[in-house]
Amino acid sequence: MSSPLIRLPSLDLVRGFVAVGRRMSITLAAQDLCLTQSAVSRQILALEEALGLKLLVRGHRSIAFTPEGERLFRSADSAVQQLQDVVGALTGRTGRRMVTLTSTIGVTGLWLMPRLGAFLQQHPDIEVRVSANSRSMELQAEGIDLAIRYGAREAMPAGAERLFGEEIVPVAHPSLGLAALSAPQSVQAQVLLEFDGPYRPWLQWSHWLERQGCKALHPRGVLRFNQYDQLIHAAVAGQGIALGRRALIAPMLADGRLVALGTPQTAPVEYWLIQAEANPATEVREFIDWIRAEAQAVGC
């Protein structure tokens with residue numbers, strides 16, 4: 001049943017929520033809205049109070065949607081985008097071109113966002129809109145140009161383009177003093193950072209330990225995360241050892257924030273680029289060329 005018009009929250013609050021959801025960052029949303037971080041934070045809190053619901057989970061340098069927040073974002077993001085399109089058409093402000101991309105929160109936060117600034121500097125006339133969630137979308141129906149998806153080749157639609165593969169390696173912050181996990185005791189003395197999302201054996205410590213002949217081993221502790229980027233941020237903070245997806249954490253390995261504790265193992269999945277249209281607009285083709293170049297540099 002629809003809510004009465006008078007009970008709908010202020011558009012300012014919804015706009016602030018959508019800006020945060022698109023960027024998955026209060027700092028970047030504040031820049032988009034020309035507001036302070038505290039002002040955007042107050043908008044989110046005011047919207048949560050108005051609805052009587054928790055919309056975002058705030059972690060250490062990260063945020064994530066609650067189930068209710070993700071549901072609201074999907075609807076609000078689409079509605080705000082329609083408003084943007086209509087206002088742009090009515091006022092003739094159509095100078096900036098837009099590319100819309102969707103991917104999982106982990107891929108967006110760890111792989112795409114650290115690289116995106118370089119594309120925007122090269123193409124200041126192109127605006128990039130990112131929808132970070134794990135939901136499978138009908139791209140054309142939802143006005144999305146591109147998707148980066150994760151899975152086996154047979155699960156991908158026709159026309160999907162392979163970007164790079166998946167390699168898994170245990171990683172930790174240098175402060176833990178680990179060079180390798182060569183003996184069961186080296187694992188038993190540590191806290192394991194466990195991905196508690198969809199079951200993927202290659203991302204589960206139980207699978208890795210079994211392959212090392214340590215099935216019955218009991219670590220010092222386990223911390224579980226339902227978002228992979230949060231797990232990696234915990235590893236960077238020195239809270240334990242993680243099973244790292246090498247393609248996503250390559251910059252952290254390169255600059256020493258994380259160290260690899262073994263030889264990477266190939267997983268039975270890959271990363272894929274999916275296009276909504278076979279003949280996309282020029283700005284989308286430019287973005288695709290950029291993604292291809294960045295993917296080639298991954299080397300998996």
**Prompt:** Where the side chain of T66 meets the backbone of K54, is there a donor-acceptor pair that is under 3.5 Å apart?
**Reply:**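 Side chain of T66 to backbone of K54, a donor-acceptor pair under 3.5 Å: yes, one is there.
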**Asked** Hey, is the main chain of V236 close enough, under 3.5 Å, to the side chain of R257 for a donor-acceptor pair?
**Response**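 Answer holds: no.
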Indicate if [X] and [Y] have the same hydrophobic cluster label, given that clusters are the connected sets of ILVMFWY residues with side-chain heavy-atom separations under 4.5 angstrom.
X	Y	answer
L112	L253	yes
I126	L120	yes
L53	L47	yes
L72	L56	yes

Distance in Å, [X] [atom1] paired with [Y] [atom2], rounded so as to fall on 0.5 Å steps:
X	Y	atom1	atom2	result
E294	F119	CD	CZ	10.5 Å
L116	Q121	CG	CD	10.5 Å
F17	L55	CZ	CG	5.0 Å
H233	Q239	NE2	CD	11.5 Å
L13	E49	CG	CD	10.0 Å
Q204	I168	CD	CD1	10.5 Å

Shortest non-hydrogen contact between [X] and [Y], atoms and distance:
X	Y	value
L33	G16	CD1-CA, 3.9 Å
A152	P268	CB-O, 4.0 Å
A235	A242	CB-CB, 4.1 Å
R285	P280	NH1-O, 2.7 Å
Q230	A64	NE2-CB, 3.5 Å
A247	R115	O-NH2, 4.5 Å

Can you find a pair of side-chain heavy atoms, one from [X] and one from [Y], that are under 4.5 Å apart?
X	Y	result
V130	T102	no
D145	Q275	no
E194	L192	no
P157	R149	no
Q81	T100	no
V169	V171	yes
S131	F73	yes
F287	H123	no

**Request:** Any pair with a residue in residues 259-270 that passes side-chain hydrogen bond (donor to acceptor under 3.5 Å, both in side chains), sequence neighbours left out, goes on the list, sorted by first then second residue, please.
**Result:**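 Counting only pairs at least two positions apart or across chains, the side-chain hydrogen bond (donor to acceptor under 3.5 Å, both in side chains) contacts touching residues 259-270 are R162-E270.
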Could you list the residues that satisfy side chain to side chain donor-acceptor pair (under 3.5 Å) with [X], not counting sequence neighbours?
X	answer
E166	Y150, R245, Y271
Q37	T27
D12	R15

**Prompt:** Which of these, L261, I241, V259, sits in a side-chain contact (heavy atoms from CB on, under 4.5 Å) with L176?
**Reply:**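 Single pass found, and it is I241.
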**Asked** For the side-chain contact (heavy atoms from CB on, under 4.5 Å) test, which of I105, V20, I44 pairs with I63?
**Response**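 Going through the options one by one, the only one that passes is V20.
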**Request:** Decide yes or no on side-chain contact (heavy atoms from CB on, under 4.5 Å) for I232 and F225, but give the supporting numbers first.
**Result:** CA-CA 10 Å; I232 292 301; F225 300 84; over 6 Å; no
**Request:** Take M252 and L110 through the side-chain contact (heavy atoms from CB on, under 4.5 Å) test and state the conclusion after the steps.
**Result:** CA-CA 10 Å; M252 300 175 186; L110 295 174; 3.7 Å; yes
**Asked** Does E48 pair with R58 as a salt bridge, N-O distance under 4.0 Å?
**Response**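 Here E48 pairs with R58 in a salt bridge, since their nearest N and O are under 4.0 Å apart.
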**Request:** Determine, for R129 against D77, whether the closest basic-nitrogen to carboxylate-oxygen distance falls under 4.0 angstrom.
**Result:**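 Salt bridge present between R129 and D77.
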**Request:** Sequence neighbours left out, what pairs pass ring-ring contact (aromatic ring centres under 6.0 Å, His included) with at least one residue falling in residues 20-56?
**Result:**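 For residues 20-56: none.
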**side-chain contact (heavy atoms from CB on, under 4.5 Å) between T108 and I148, intermediate numbers included** = CA-CA 9 Å; T108 299; I148 298 177; over 6 Å; no
**Request:** Begin from the C-alpha positions of F65 and R71 and carry the test side-chain contact (heavy atoms from CB on, under 4.5 Å) through to its verdict.
**Result:** CA-CA 9 Å; F65 287 124; R71 181 181 178 187; over 6 Å; no
For the [atom1] atom on [X], are there more than 12 heavy atoms of other groups (residues, nucleotides or ligands in this structure) within a distance under 6.0 Å?
X	atom1	answer
N279	CG	no
Q122	CD	yes
R292	CZ	yes

**Message:** Taking the six-membered ring for Trp, are W272 and F164 closer than 6.0 Å centroid to centroid?
**Reply:**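 No: the rings miss the under 6.0 Å criterion.
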**Asked** Remaining members of L8's ILVMFWY cluster at a side-chain heavy-atom cut-off under 4.5 Å?
**Response**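 Same cluster as L8: L5.
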